[in-house]
Amino acid sequence: LPRSHRFFLFFLGARGSRERGLAYLREAAEHGEYLRTYALVLLVVANIRAGELTEALSLARDLQRRYPANPVFAVEVAKLHRQLGQHALARQVASTLLAELLAHPHNPRIVGPEDVLLELAQIEAAESQPERALETLGRIEEVAGASGRAVALALLERGKLYDRLGEREKALREYSRVLQLAADRETMRLARLYQKRPFQEPEESR
């Protein structure tokens with residue numbers, strides 16, 4: 001809460017406790033009937049923010065089992081596997097979901113093949129397969145109905161990969177295409193930033 005709100009709540013006798021709040025969420029997730037799913041989602045988010053990725057993965061997999069037709073949970077499971085360095089499992093989840101979405105498109109389109117291809121490319125990049133990741137990202141523009149934001153993100157990621165490979169001219173071309181699309185403000189900001197100086201991978205991920 002904003003500091004002003006916390007100030008008034010203090011005088012009203014209200015007290016906050018992150019641990020108590022998480023305990024309530026766990027209780028709802030384990031024993032609740034109507035709020036169980038909502039509590040599980042919030043617990044996944046809370047654990048990710050706290051850096052407890054193993055616990056977040058366990059909860060996300062529970063959601064995936066409960067709702068196998070919901071692609072959002074499958075994407076999150078793949079992402080958490082990747083962040084934990086479990087690349088083979090991440091690839092398996094993402095590839096299975098991609099095949100499902102291509103065979104049976106979701107309506108409404110909550111998650112499309114382009115979103116899964118983005119995650120699959122991240123997995124391939126984490127596996128030190130930049131050329132394969134570039135190819136996967138290139139497929140996104142071929143997806144019928146792909147969102148402009150997903151295409152812009154794919155171009156940005158391709159530019160970053162080219163920078164990592166030392167192919168600056170190709171990287172600049174991809175960043176320029178991001179700006180031409182004008183699909184997403186943050187993506188455009190990053191494209192301008194990397195036009196000025198090449199993308200460099202954070203130290204902790206090297």
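Numbers here simply count residues along the sequence, with the first being 1.
Between Ala152 and Ala183, the closest heavy-atom pair is CB-CB, 4.1 Å. Nearest heavy atoms, Val178 versus Ala191: CG1-CB, 3.8 Å. Across all their heavy atoms, Gly148 and Leu181 have their closest contact at O-CD1, 4.4 Å. The two residues Glu114 and Ala150 have their closest heavy-atom pair at CG-CB, 3.4 Å. The shortest non-hydrogen separation linking Leu102 to Pro105 is O-CD, 4.2 Å. Asp163 and Pro198 make their closest contact through OD2-CA, 3.4 Å (heavy atoms, listed as atom of the first residue, atom of the second, distance).
Within the 4.5 Å cutoff, side-chain heavy atoms of Lys160 are placed close to those of Tyr175. Looking at heavy atoms from C-beta onward, Gln86 lies in side-chain contact with Leu57 at the 4.5 angstrom threshold. With contacts defined as side-chain heavy-atom distances shorter than 4.5 Å, the pair Asp184/Leu153 does not qualify. For the pair Val45/Arg49, a side-chain contact is recorded, criterion being any heavy-atom separation below 4.5 Å from C-beta on.
Note that CD of Glu141 is 12.0 Å distant from CG of Leu117, once rounded to the nearest 0.5 Å. Between the CZ atom of Arg139 and the CG atom of Leu98 there is a distance of 6.0 Å, given to the nearest 0.5 Å. If you take CD1 on Ile140 and CD on Glu157, they are separated by 9.0 Å, rounding to the nearest 0.5 Å. To the nearest 0.5 angstrom, Arg61 atom CZ is 14.0 Å from Glu76 atom CD. Between the CZ atom of Arg158 and the CD atom of Glu174 there is a distance of 4.5 Å, given to the nearest 0.5 Å. Taking CG of Leu137 as the start and CG of Leu156 as the end, the distance is 10.0 Å to the nearest 0.5 Å.
Shown here are the side chain to side chain donor-acceptor pair (under 3.5 Å) partners of Glu52, two or more places apart in sequence or in another chain: there are none.
Hydrophobic clustering, with ILVMFWY side chains joined whenever heavy atoms are under 4.5 angstrom apart, groups Val44 together with Leu84. Both Leu120 and Val143 belong to a common hydrophobic cluster when Ile, Leu, Val, Met, Phe, Trp and Tyr are linked at side-chain heavy-atom distances under 4.5 angstrom. Ile123 and Leu53 fall into different hydrophobic clusters, where Ile, Leu, Val, Met, Phe, Trp and Tyr are joined by side-chain heavy atoms under 4.5 Å apart, directly or via other members. Under a hydrophobic-cluster definition in which Ile, Leu, Val, Met, Phe, Trp and Tyr are linked whenever side-chain heavy atoms come within less than 4.5 Å, directly or via other members, Tyr162 and Leu190 are assigned to the same cluster. Leu193 and Leu179 end up in different hydrophobic clusters when Ile, Leu, Val, Met, Phe, Trp and Tyr side chains are linked at under 4.5 Å.
Residue Glu135 qualifies as open at atom CD: its count of foreign heavy atoms under 6.0 Å is 12 or below. Residue-environment remark: CZ (Arg65) exceeds the threshold of 12 foreign heavy atoms within 6.0 Å.
Exactly one of Gln122, His87, Glu119 qualifies for a side chain to side chain donor-acceptor pair (under 3.5 Å) with Arg82. That residue is Glu119.
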* Asked: Can Arg132 and Glu127 be said to form a salt bridge (charged side-chain N to carboxylate O under 4.0 Å, His left out), step by step?
  -> CA-CA 10 Å; Arg132 188 167 182 176; Glu127 292 176 313; over 6 Å; no
* Kindly determine whether Leu165 and Glu131 satisfy side-chain contact (heavy atoms from CB on, under 4.5 Å), including the steps that lead there. => CA-CA 9 Å; Leu165 292 168; Glu131 298 294 344; 3.8 Å; yes
* Glu100 and His104: CA distance, side-chain angles, deciding distance, side-chain contact (heavy atoms from CB on, under 4.5 Å) verdict -> CA-CA 6 Å; Glu100 170 66 22; His104 308 285; 3.6 Å; yes
* To do: Determine, stepwise, if the pair Leu155 / Thr187 fulfils side-chain contact (heavy atoms from CB on, under 4.5 Å).
  => CA-CA 10 Å; Leu155 293 171; Thr187 307; over 6 Å; no
* To do: For side-chain contact (heavy atoms from CB on, under 4.5 Å), just list the numbers for Leu40 and Arg66, CA-CA rounded to whole Å, side-chain angles, deciding distance to a tenth of an Å, and then say yes or no.
  => CA-CA 11 Å; Leu40 280 170; Arg66 290 172 185 268; 3.7 Å; yes
